[in-house]
Number of protein chains: 2
Amino acid sequence: MSTVQEPARTSRTPRAAQIVAAARELLEEQGWGEVTMRALADRLGIRAPSLYKHFRNKEAVAAALVEVALAEMGAALHGAVGGASGADRVPALLAAYRRHALAHPGLYRLATTGRLPREALPEGLEEWAGRPFSLAAGDPHLAQALWSYAHGMVVLELDRRYPGDSDLDRTWQAGARAFAARVPAPEAAGGA
Amino acid sequence: MSTVQEPARTSRTPRAAQIVAAARELLEEQGWGEVTMRALADRLGIRAPSLYKHFRNKEAVAAALVEVALAEMGAALHGAVGGASGADRVPALLAAYRRHALAHPGLYRLATTGRLPREALPEGLEEWAGRPFSLAAGDPHLAQALWSYAHGMVVLELDRRYPGDSDLDRTWQAGARAFAARVPAPEAAGGA
DNA sequence: ACGAGTGGCTAACGGCGTTAGCTACGAGGA
DNA sequence: TCCTCGTAGCTAACGCCGTTAGCCACTCGT
């Protein structure tokens, strides 16, 4: 149903995969600030300098986590837009985006804060992960706006920026309606 | 024209004000990662430990900068909504938000990333700075959604997340139209 | 004249990412 | 069977970070 298949993931040695998994646990349990090379090594029963046998530096570990984050978020979003049609795709996409991000806040923040380590990511992964927004919005500018809205909502929710008595379900709804109303009617063109 | 006056700013000794000013320069020139206590002290011709005579710790310096950021952004936004009416307030507000944030990216990022140091901020400042969104949207949920959209756009633009060939003016427009169309018609109630 | 507060200073601590250099082990070829 | 070589661990150490302790000079009010 999707236009293009998910790009291949970077291949890792078993030990490197273990390191990424441990880093992910640490990230979700304690936050990125507590993911230090020493703490990460501790969890694996080794010493910090040994990590450098498997990753060039801490940034490379972060890039591996960003890859995981993009791949999993992309899968969630593709699933959501694949299961809906027409203007229903906007609320379905937003609900999946919110649910997935809040379920993996550490990974989400790491992957969306600061510059993307594009040179360390598989070709096409970023584009693939974002395509559901184009599919749901039907227009490239509306798609970018919709993505920005979703990201803003999630990040402000994660950072507890809204007043404590906010009804965020209704806020998400308000935005969803605003965007859904601008989705162009699908042309009745048959696929190739 | 505004409902309530801008809250008073925290009073600072002359030296503390100098420190905040120097921190701001460093922040905008080099980014928060380069604002270290030693670099900050250097710029003032003193040693790092002397800074602790004026601020309890680095977090307190950050909080002072966040206060500046909120006050200046609030002023810009109040000015923008004050100069427009009806649904025109949405694009006016968004334009001012974008312009101000991109003109002070370090301050913007510092004030909007991670948790807000609310206990260190003047009472009412956060609410005052955000009120223009309520004024423009006319509905609390739409206001939150609009703010989230603006923040998402700015932060993704600052982080260069959009493809290099994006026409962001048009993306901002697409979002502005989506939200403006949902602003309820103003009731013809006279002011008190 | 003097005591107290103010705002500098140096030395130092523990934690961070990272590098250099050593070593134990296991697989492959002579 | 031994030798070599790559792999993956180790300790020690460096320079940076935020921060604290403790000292001292200067200024000002009484």
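So you know, we letter chains A, B, ... as the sequences are listed, proteins then strands, and number each from 1.
Applying the salt bridge (charged side-chain N to carboxylate O under 4.0 Å, His left out) definition to pairs two or more places apart or across chains, those involving residues 64-73 of chain B are B:Arg9-B:Glu67, B:Arg12-B:Glu67, B:Arg24-B:Glu72. Under the ring-ring contact (aromatic ring centres under 6.0 Å, His included) criterion, the residue pairs touching residues 106-127 of chain A are A:Tyr97-A:Tyr108, A:Tyr108-A:His151, with sequence neighbours excluded.
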Under 3.5 Å, which protein N or O atoms sit close to an N or O of nucleotides 7-10 of chain D? Give each pair with its distance.
unit_1, atom_1, unit_2, atom_2, d
D:dG9, OP1, A:Arg15, NE, 3.1
D:dG9, OP1, A:Arg15, NH2, 3.3
D:dG9, OP2, A:His54, NE2, 2.6
D:dG9, O6, A:Lys53, NZ, 3.0
D:dC10, OP2, A:Arg47, N, 2.6
D:dC10, OP2, A:Ser50, OG, 2.8

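For the residue pair A:Ala129 and A:Pro132, the shortest heavy atom distance occurs at O-CD, 3.3 Å. Contact detail for A:Arg98 and A:Leu168: the closest heavy-atom pair is NH2-CB, 3.6 Å.
Ring to ring, B:Phe179 and B:Phe133 are not that close: their centroids are 6.0 angstrom or more apart.
As rounded to whole Å, 9 Å separates atom C1' of C:dG17 from atom CG of A:Asn57. Protein atom OH of B:Tyr52 is 21 Å distant from nucleotide atom P of D:dC23, rounded to whole Å. A straight line from CG of B:Leu44 to P of C:dC9 spans 11 Å, rounded to a whole angstrom. Atoms CZ (B:Arg56) and C1' (D:dT19) sit 12 Å apart, rounded to a whole Å. When the P atom of C:dC16 is taken as reference, atom NZ of A:Lys58 falls 9 Å away, rounded to whole Å.
Rounding to the nearest 0.5 Å places CG of B:Leu146 at 10.0 Å from OH of A:Tyr149.
Counting heavy atoms of neighbouring residues, nucleotides and ligands inside a 6.0 Å radius, atom CZ of B:Arg160 does not exceed 12 of them.
Looking at A:Gln18 and A:Arg15, their side chains do bring a donor and an acceptor atom within 3.5 Å of each other. Checked by atom type, the side-chain pair B:Trp172/A:His141 shows no donor-acceptor distance below 3.5 Å.
An end-to-end axis angle of 20° holds for the helix from C:dA1-D:dT30 to C:dA30-D:dT1, taken from five base pairs per end and rounded to 10°.
Under the ring-ring contact (aromatic ring centres under 6.0 Å, His included) criterion, A:His104 pairs with A:His100, sequence neighbours left out.
Contacts of residues 17-43 of chain B with DNA chain C (heavy atom under 4.0 Å): B:Arg38.
One finds a salt bridge joining B:Arg43 and B:Glu29 here, because a Lys/Arg side-chain nitrogen approaches an Asp/Glu carboxylate oxygen to under 4.0 Å.
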